[in-house]
Amino acid sequence: MEITCKNCFSRFRAAVQTPLVAPVRVLCPSCGHQMVLKPPQRHEQHAVQFPTVDRRGSIPRRRTAAVADEPRPFRNFLGEHLKRLGFDVTFFETGEPIAHFVRSNRAELAIVNVYLKGKLGVEVTEEIKADPLLKETRVILIGALFRANRFRANPTNLYGADEYIEEQIPELEFSQIIRKLFPEIGGTVEGPVEPVEFDEARRLARLILSDIVIYNAAKVERGIRDGTFFDILRDEIDEGRQYFESRVSIRVRRDSEIFAETLEQFVQMKREELERLKRA
Amino acid sequence: MTFINYAAREINCKIVYYGPGLCGKTTNLQWIYDKTNPQAKGKLISLATETDRTLFFDFLPLDLGTVRGFKTRFHLYTVPGQVFYDASRKLILKGVDGVVFVADSQEPRMEANSESLLNLEKNLKEQGYDLRSVPYVLQFNKRDLPTAVSAEDMYRQLNFKGEPTYEAVAMNGTGVFDTLKAVAKLVLTELKKK
């Protein structure tokens, strides 16, 4: 086995059986410095099994997050929200793989359930926080049980984690926690989209459609009759969509297809009207 | 803002015809232009497309007699009605002395009427005007269409300060000059106050 002395940096070969199964003490033949060679930890032997994140060319840079929890809606909620905040998210169900992933990818954020199979979430937290190479990694613990209806008590020991959350945390509160841990994310804290914002967007979509219809009555009639509405009015629809997108916040557009739905509903309604007329 | 040229003893006022797309603003101006004495009018400038879409504005200078020895010249403008062209509408409202809101009587355009009225109020506010105090006349156009909403319902929905309201069919001139006279009267009354 070839070894590099940590004192004089000279290289020498030692008659040591690999892979190491127990710690071995060796002496540098050049300077006499004594070193202890330790066997690799178990997870390092299986590094190839775990996904890594390719950060090349990602502008603006997306952060890496790992979430270990049961595959349940809450985990999806966390993942979706983190993606919106600029994180690439990888999911895990157990403690060992997430600990390895965080180490090998220098993940900026780890969210771990307190209780995980194998290695507990609190153990993962302690391991991350004890590693000087991971001093930039933020850890959030997820409470194992949500008991809002029975009692609510904040944990007295977070095992080094930066934050603690429970299931059913509101989106706004979760967003605030992430922004507190990563102030450079910036921007304003997003609250949930108010119903009135959807109403206003629907109203605008109806108005744009109404304009398209009144200025292109013949085309509209032909498009409905021949089933070519979206083709022959493509320019007008594109113009309308662009205006819609310039006026409606991305938060509303992200969660809905209001403009497209408004057009679809109109076409459907007109087709039904036409069918009724034909039957009559 | 009214422009008074003391040397020429001339008063220039700006009236803007506002309303949703294809409600008949340009048709109002066209009718006024067609039926006005050639000596009393200037050239009608209209930037409309083949789909009757007003791209920027229509403009018609019009002489309406004298007030206290001053010749009154009204500049009539229309705005593009489609929701897209809000920037143009804001620009055209600058320095406005009176507004005519042309509402489309067709039932499917009632929401567009309301939206356009709100847009007018908002854009006036941005220019430092208040629709409640600006000389303002409401016109219900296209009264001849079978899909027209009753005038009572339109009044309930669109008239908000008891402004003079006229029913019109701009295509045949019905109500067009009544509307113009009403807004001109309000503008001149306002002028006399100053």
Side-chain angles (χ1 to χ4, degrees), chain A residues 196-224 229 232-249 252-253 258-274 276-277 280, chain B residues 18-27 46-56 78-90 101-123 126 141-142 145-149 154 157-158 170-171:
Chain A
V196 69
E197 291 181 67
F198 285 112
D199 291 344
E200 281 170 7
R202 284 190 197 99
R203 181 179 162 84
L204 179 64
R206 286 198 302 272
L207 288 165
I208 293 169
L209 172 65
S210 177
D211 274 355
I212 291 173
V213 171
I214 199 159
Y215 278 95
N216 305 280
K219 268 185 175 179
V220 170
E221 199 184 318
R222 185 152 50 92
I224 299 290
F229 179 86
I232 60 176
L233 287 157
R234 181 174 293 135
D235 290 346
E236 291 80 0
I237 291 170
D238 283 347
E239 186 184 32
R241 183 183 295 108
Q242 279 170 26
Y243 183 70
F244 180 81
E245 289 176 358
S246 73
R247 288 270 307 269
V248 175
S249 78
V252 173
R253 284 188 281 126
I258 289 173
F259 188 73
E261 283 168 12
T262 304
L263 294 184
E264 293 283 356
Q265 282 165 8
F266 171 77
V267 170
Q268 183 64 28
M269 187 190 76
K270 286 288 174 190
R271 274 186 194 144
E272 285 169 9
E273 266 181 31
L274 200 66
R276 273 199 300 275
L277 282 173
Chain B
Y18 214 93
L22 224 65
C23 66
K25 302 175 290 289
T26 302
T27 312
S46 185
L47 299 172
T49 65
E50 71 279 3
T51 54
D52 291 336
R53 187 198 274 205
T54 301
L55 277 182
F56 191 62
T78 66
V79 295
Q82 281 186 290
V83 288
F84 307 149
Y85 300 116
D86 202 34
S88 301
R89 282 194 292 273
K90 282 181 191 173
F101 186 86
V102 182
D104 190 327
S105 296
Q106 298 177 90
E107 198 278 329
R109 294 298 278 172
M110 286 307 285
E111 192 169 28
N113 287 332
S114 302
E115 172 67 17
S116 182
L117 191 52
L118 286 172
N119 180 258
L120 167 65
E121 195 176 9
K122 179 178 141 279
N123 286 346
E126 280 181 24
N141 194 23
K142 307 190 190 179
L145 294 184
T147 53
V149 175
M154 289 190 74
Q157 193 168 330
L158 300 172
M171 293 285 276

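Chain naming here is simple, since letters A, B, ... match the order of the sequence lines and numbering starts at 1 in each.
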Once you round to the nearest 0.5 Å, how far does CD of A:Glu239 lie from CD of B:Gln82?
6.5 Å
Name all residues meeting the side chain to side chain contact (heavy atoms under 4.5 Å, CB included) criterion together with A:Glu221; count only those two or more places apart in sequence or in a different chain, and write none if there are none.
A:Arg225
Sort by residue number and list every member of residues 203-213 of chain A having a non-hydrogen atom under 4.5 Å from chain B.
A:Arg203, A:Arg206, A:Leu207, A:Ile208, A:Ser210, A:Asp211
Over all heavy atoms of both residues, which pair between A:Tyr215 and B:Leu22 is shortest? Give the atoms and the distance, please.
OH-N, 3.0 Å
